[in-house]
Every structure is written in structure tokens, then in C-alpha cells.
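Throughout, protein chains are lettered first and strands after them, A, B, ... in sequence-line order, and every chain is numbered starting at 1. Everything numeric in this text was worked out from a predicted model, so none of it was measured.
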Amino acid sequence: MSKDVVTNIILRDDEDYIINMGPQHPSTHGVLRLEVCLNGETVKYVVPHIGYIHRGIEKMCEYDTYKQIIHLTDRMDYLSAHMNNEAVSLLVENALGIEVPERVKYIRAALNELNRIASHHLWWSAFGMDLGALTTFFYGLRDREKILDIFDESFGSRLLHSFVTPGGLMHDVHPNFRKNIMEFVKYFRKKLPEYKKLLTDNIIFQNRTKGIGVMTKETAIAFGVTGPSGRGSGFSCDVRKIAPYGIYDQLEFNEVLYTNGDSFDRYMVRMDEMVESMNLLEQIVDKMPEGTEFTAKMKPIVKLPEGEYFQRVETARGELDVFVVSDGKKHPYRMRFRSPNFSNMFTLNILGRGLKIADLVAISGSLDLVIPDIDR
Amino acid sequence: MEKNMDLTALLAKIAPQGEVVQGNQFPELTVSAEQLFETAEKLKNCKEMPFDFLLDLTAVDFETKFTVVYHLESTKTHDVVVLRTDLPDRNHAEVETVSGLWPAAEFMEREVFDLFGIRFKNHHDLRRLFMEDDYGHPLRKDFKDDINLIEYPN
Amino acid sequence: MILEIYSFSSLTEAIDTALNNSMAPWLATLTELVIIGIVFLSFYALLGLFLVYLERKVCAVMQNRIGPNRVGKWGLLQTIADLIKLLMKELIPIKNADQFLFNLAPYIVIAASFMAMAALPFAKGLQAIDLNVGLFYIMAVSSLGVVGILIAGWSSNSKYSLVGAMRSGAQIISYELSVGLSLLSIVIFTGSLQLSDIVASQADGWWIFKGHIPAFFAFVIYLVAGTAEINRGPFDLAEAESELTAGFHTEYSGIKFAFFFLAEYINMFIVAAVAATVFFGGWMPLHIGNWQGFNAVMDYIPSIIWFFGKTFFIIYLIMWFKWTFPRLRIDQLLTLEWKYLLPLNLINTVIIAFIVLMGWYF
């Protein structure tokens, strides 16, 4: 192991001033408990305690069919529900060797990118709140609403869609789908500079984030920090590039990489990813074939052949891996989700050590944690 | 496929005692629990392609044995290999920790310990992650929760 | 000079004469004190409610929202409904808290802000007490509030409260210097600490115009330091919502919480009113040198409108940057004061002293 990878070993002292941030705390974005040891305002160490929203999804999967499992995956990382759905769907399709129609692949990619932008909207809103800039919340949600309206029109739900199933989609998208996406991209290209004016260019914001919570590339790889958080450290880990799935190998896009690894770079990665996602959406809308087919032929009950299957998918927060051991029955024998937030969250102790409480909040905001995904 | 042939050859070179198979997706290497740490260290420090990114660490309960599965990626070439080890003794399942090689393993091992009861030797902070201390190990196939779990019809 | 019909002196003098004619002098004084007390109390409460309403509306404008619009016309009664809610809420007793200090703290905070208001000149002839050290008195009394905040944080028996209170202490002790020095620069111009003198000295133009760039600079520093002193964003570290849940008043509920809340808004009013008085001429209309015609037209606007207009303009500025800026970190906050504002302020004061010495002002 290289020298700048710090380990997580914690030495406790009797005179430590320990504060429990959470499980009910405004800045932990859910039921995460951080045991923070303070020396005045300075953080000595952080111990994350999780499990407050552990629902045993992996155990429940062992009793459900693959089509039922789709509905459980929504509840893990609820802000990237589409990507989670697609992970299981792709795994089943690859295991059975089913080729889904071209149009479905494009629709899935479009939904992925829309979901990614919506997720980054909410992250941006909440990140501003973490730093005390309360107005960002309403700007972010204003634009996120436009995407949720597109979702709402096509499949009637706004957050937990369960729209992608093994073999295709639940049903066809709304006829206005293509038009709505074009309108949204046009609208949001105008609105994104507002984000820059309101938060990115603010001198207080830059002082609060630049050079704070520096994660080296080695640390990112060692701790398995993926997604925008890892790419802010220069760790090239975009699954859409390194192990393309769906239609991504036919689309042109750049993997956003920043190298400083501080909170500001993690922030910039997400801001640039929104632009990349909009570029992708434009290509998808251009290339999407006409037609009405939305699913491949599937048997009503899906049974995977005996064996082990592994599927990697890039969600809005990083790499989601699904690992399935099948014994040939309609339920998986063992289902495992490697959730991106799980790995990202445990770097808090290393990034936050020696900084102030406010920095710890900024770092946990810049890692963009979704707690139900950690606990599963 | 050719690349994968190279990978299997590499794996065979690294662990001569291990069993190398080309799985349906990735090359798979099975070693005994005693050799696991040594093999993992070799893979991590392998010159051609250092497998420095621990993608996933999990376990499967095969009723007769536990299998601990490691998915490793090389960030240089983006190749993935599967490392696995079988633990036949269900009551005293124990394997050396790899958290010294990949810090990410520290918490995945805690999760596996929590859900399966597999102990990791030399892990410096092996506490349960999700469950309470007196709760069973829910991902074991013989786990029964009389109070909460609904029995599913098969 | 301002028109006599808008002066409140004739009204106050009439009341004073009537009281003195009808009762013994000591009783008349006592009655006057009671009347002034009641007037101030009701003004205080109404002002607090209005400021909360204003804040919610301003914040709504900043955030693409409408703001309160259900209770009463344009939601005007919303804050009254909130007040009733807060009055009826349970006061949750805290286990192992120091009960006496815990209950005392809100009163200290609110008394400090109440006392500061007494010396403000609201309009011509409308000032409860015109001390010869009025400015000094306001500064001294308004910074007593931090004692209440420290007591609240300490007695709550909560770790978040304690951290919030310590932050607040460090913050107010630091920024008090900048507030004092920037006000001092205008005192150098006027040569008096008496607020009526300061207002009178601006009859031919406000200090922010007469005092050249140094006076404007002092105003900016005063605005920053004043915002920091009242614990408002971007300096709201003492109650930093995302870090300390609610800081020093985490454990307070119901009307005790409302006291802290109210005191915060009144403090904002005091900071804005002092800025208006010292830099913008208080109730003095906009006069420009010898432009007789222009000055006469300005005099037709009542002085009380001038005072509240200026004050609410500054309040709007303070709200504006609360709702658009992120919060500073504690070390950045102290760096800003000790490394930038204080040295600049000292230099600024010396420059102003030099200007006054050479007589280079209007």
C-alpha cells in the first residue's frame, strides 16, 4: 500500500468530547449516525454507525422472483431508481442471452441520464443547504420538477419508478417523451449558468470547499470510492466507459475527471456531468428509433441457469454491482448489491480528521450520500 | 477471449496450488483459506496488472460450505478477476482479513461477519455493522426469525 | 430644517404638561415611564412580528416562492398565528439542566435588545431618552445579549448548545471591535456621542456622502460586523442549522424559543437603525448642501418615514445577503475579523482623523 493511504484505525481517549451527529440530524441526509470526537471545534475522528434503515433487501431477494426484485432495488438508492432497476434487468438479460430492442436501449439510456440530472439537482440543492446557502434548495428543486414531470407523464410515478424490467420496459413511454426531453434540455441549458452565479462563483463557497477533504487517487482506489466522488480525485471509474452496457458504447461523451480531490472538485465533477448528460440526451433523442416496441419476448417466470452472474452499472453516485448466485430456480439463491455509497461513506473519517465540524458537513455533502443505499 | 486466456494464465502463475476456471464472465481463481492472504497480496502487487481496486467482497452460504468471493479490478487495464475461497466448517468459519491490502475490505468484511458470522483473522475492528449483537446471522440459509419473517410459499 | 408640523415634540410636551398639571411631579414622571414602557412593549412586539413577516416575504422573493399568503390579506396575519402557536406550545423541561439559568437566559437576551431600543431617535422629538453617550450606551447594552446566549448554551446540558454558545461568544467579542471602530469614525466627524447631535450634524448632508470614501468604507465594515454580531447569515454560526441543529437554542421550545427568535429580529432592527442614524442621517431628510429648493421639497416628507425607510432599506440589505450567501466557517470568521476588518478599520479611522484634522470634509 502506498504511504499516503491513511488507515481507519481509531484511538479513543477518556477526555474526548464526543458528539453524536444523527441519526436525526439535518446534515446527515437520513438516518446516519456519526460519532464525532471533537477537540474544541476540530474533529479528532469520525466513526460512522449505520444500520438504522437496514431492511434486509438481500435476504428479501432470496424469496422474490426477478421481476419482483426490481421493485426492491428502487428503495436502495431512491435517487437513481432507474439505474438500480436497470442493473438487475441487465443481469437477467445477459444471463439469459436476451437481446432487447434497440429502441428500449435508447429509452433506458435517456431515463438514466434524466435520472442522473435529477439526482444531481437534489444533491446540489442539499449541498448548498449544508453550507448554509438556503436559496439553492429552491433553485435545484425548481428544475428537478421538470424532470419529474417527464417521469410522471410516462409512467405515473416520480421517485420510485420500477419502470425498467427484465426484457424491456413495463410499458411504452408517453408519445411526448422525445419532445419533453428536448424541451427540458433547452430549458436547463439556460438555467445552469444560474447555478454558477448563485453558488459556484461565490467566494465564501469556494473558500469553504477548496482544499477541504482532500482525497488522493490512491485513497479513492483503496477505499473503492467510485462515481463523481472518485472521479474528483482523478480515479477513472465510469462504468459507462470501462464496461459499457446498453447503448453507451455507441454514444459520444467524456468522462469528467478532476484531479485535486477536494470538495470543490467533487462538486465540479457533478456540475460538469449535468452538461455531459444533456449532451447525451441530445444524441439519444436524435438517434432513437421510431416505433412502439418496448420489450423483448420474455417468459412469464424468469429462471436463470445455474451459475454466478455479475453486472456493473454506473448510478448517479458511483458503481452499483449486482452479484447473483442462481440455483436454477425462479428465486436467486444469493443476491448481493455492492452499493456505491457504502464504500464512499467510510472515507469520512479519513477526509474529516483534523478539520472543523463545518468541514465535516461540507465533505459529507460533497460525497452525496444516500443512506438507504448504504444499509440496503 | 484471448485477453481472458492471458488472464487465466496469469492467475495460474500467481497461485499454482489454486484452481483456475474461466467463468461465464470473468476468470475465477479458487484457493484454500490458508493461501488466501498470500494470493491476494500477490494479486495486489502483481506487476503486469496490479489488482488494486477491490470491487466487491461478499460471501455465499452453500449450506455445506461458505464461499467468500472477492471481485478484483485492475485500474490499469480494467480487467476483473474473481478470487474465492471455500470455508467448509460452518461453525468456525475463519479467513485472513484483506483489509490491510484494500481498506475498502474493512467494512465489507464487517458486513460479511454481521450477516454470515464468518470471522476475519487480524481484522482490527470486527464489530457487527447493521444488526444488534445478539441477533443471528440472517443471510445464513438456516437462519430462522420466528417473530418477524414471513414464510414465503415456494 | 424639517417642518414643525411633523415634529413630535409638541405632542410629547403637551402630554408632559397635562400630567404635571394634574398630579405631583414624581407621580407624573412615574406615569410617563409607564406610558413609555407600554408604548415600547407594544411597538417591540409589533415590530418583531412584522420583521418575521418581512423576512419570510423577502426570502420567498429570493427563492422563487410566494411566501405566506393564506392567513389574512397577503398572509399578513401569518406571524400572529405563529405567535399563538408558540404561546400554546409546551415548555419542555430539560433533565439535568440548570433550571434557573435555563429560564433566565431568554430574558437576558430580550432585555438587552429592549434596553438598546430606548435610546434610538425614531423621529424629530420622538426619542425616549437622549443620553449624552447614546451611541456608546446602545453598543454596550446590545452586546449584553451574548451573556444570555452563553448562559442558554451552558445551562441547556446539550453538547450542540454549548458549541453554539462558544461560537457565539468568540464571534461577538471579535466583531464588537469592528462595530465600535467603524462607529467611532463617524463620532470623530461629529465630535459627539449623543445621537441627537449626530443626527443634527447631518442637516446639510449625510455622513456617508460628506465623509468621502472612508465613511462609506466604515459603513460597509459596520454592516458586515453588525450582521456578524446579531448572528445572522452568513455569520449564523451560533445556530448553524446544518451543523449544530439549532445551536444555542436547540433545547428551547415554545415561548422561550420565541424570545430568542424575537430578540434576534429586534437586534437586526437595532443594527439597521444605528446604521441609518449614524451614516444615513437618522430621521434627517436628504439634504444636499445649499440646494434650498430641493431641501425644502425633501422636508415635506415626515421624519418618521425617513427613519423607517432608511432602516428597512438596511434591513433588506442584511436579509439579502443572508439568503444568498453560504455560511462561513468559524476559523474563516475569526480570520476575517482579526486579519482583515480590524487592521483596515484602524487604518480607516486614522485616515478619517487626518481628514477631520485638515478639515477636508463638507
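Taking the six-membered ring for Trp, F261(C) and Y265(C) have ring centres closer than 6.0 Å. For Y160(C) and H25(A), the gap between ring centers is short of 6.0 Å. Taking the ring centroids of F264(A) and Y258(A), they lie at or beyond the 6.0 Å cut-off.
Between R327(C) and D236(C) there is a salt bridge, since a side-chain N of the basic residue sits under 4.0 Å from a carboxylate O of the acidic one. The existence of a salt bridge linking R158(A) and D149(A) is confirmed by a sub-4.0 Å separation between a basic side-chain nitrogen and an acidic carboxylate oxygen.
For L141(A), no part lies under 4.5 angstrom from a heavy atom of chain C. For a residue to count as touching a neighbouring chain, one of its non-hydrogen atoms must lie under 4.5 Å from one of that chain's; by this rule R208(A) touches chain C with backbone and side chain alike. Looking at L199(A), only its side chain comes within 4.5 Å of chain C, counting heavy atoms on both sides. Both the backbone and the side chain of N207(A) come within contact range of chain C, with heavy atoms under 4.5 Å apart. In this structure, the portions of L328(C) lying under 4.5 Å from any heavy atom of chain A include both its backbone and its side chain. Of the atoms belonging to Q332(C), it is side-chain heavy atoms, and not backbone ones, that fall under 4.5 Å from chain A.
For the residue pair R33(A)/Y52(A), the side-chain donor-acceptor check at 3.5 Å is satisfied.
For the pair R270(A) and W123(A), the cation-pi test (distance below 6.0 Å, angle within 45°) is passed.
The most heavy-atom pairs under 4.5 Å with chain C, out of F137(A), F205(A), Y139(A), come from Y139(A). Residue with the most contacts toward chain A among K322(C), M62(C), R329(C): R329(C) (heavy-atom pairs, distance under 4.5 Å). Heavy-atom pairs under 4.5 Å with chain C were tallied for I203(A), L38(A), I204(A); the largest tally goes to I204(A). By number of non-hydrogen pairs under 4.5 angstrom with chain C, the leading residue of T136(A), L360(A), D359(A) is D359(A).
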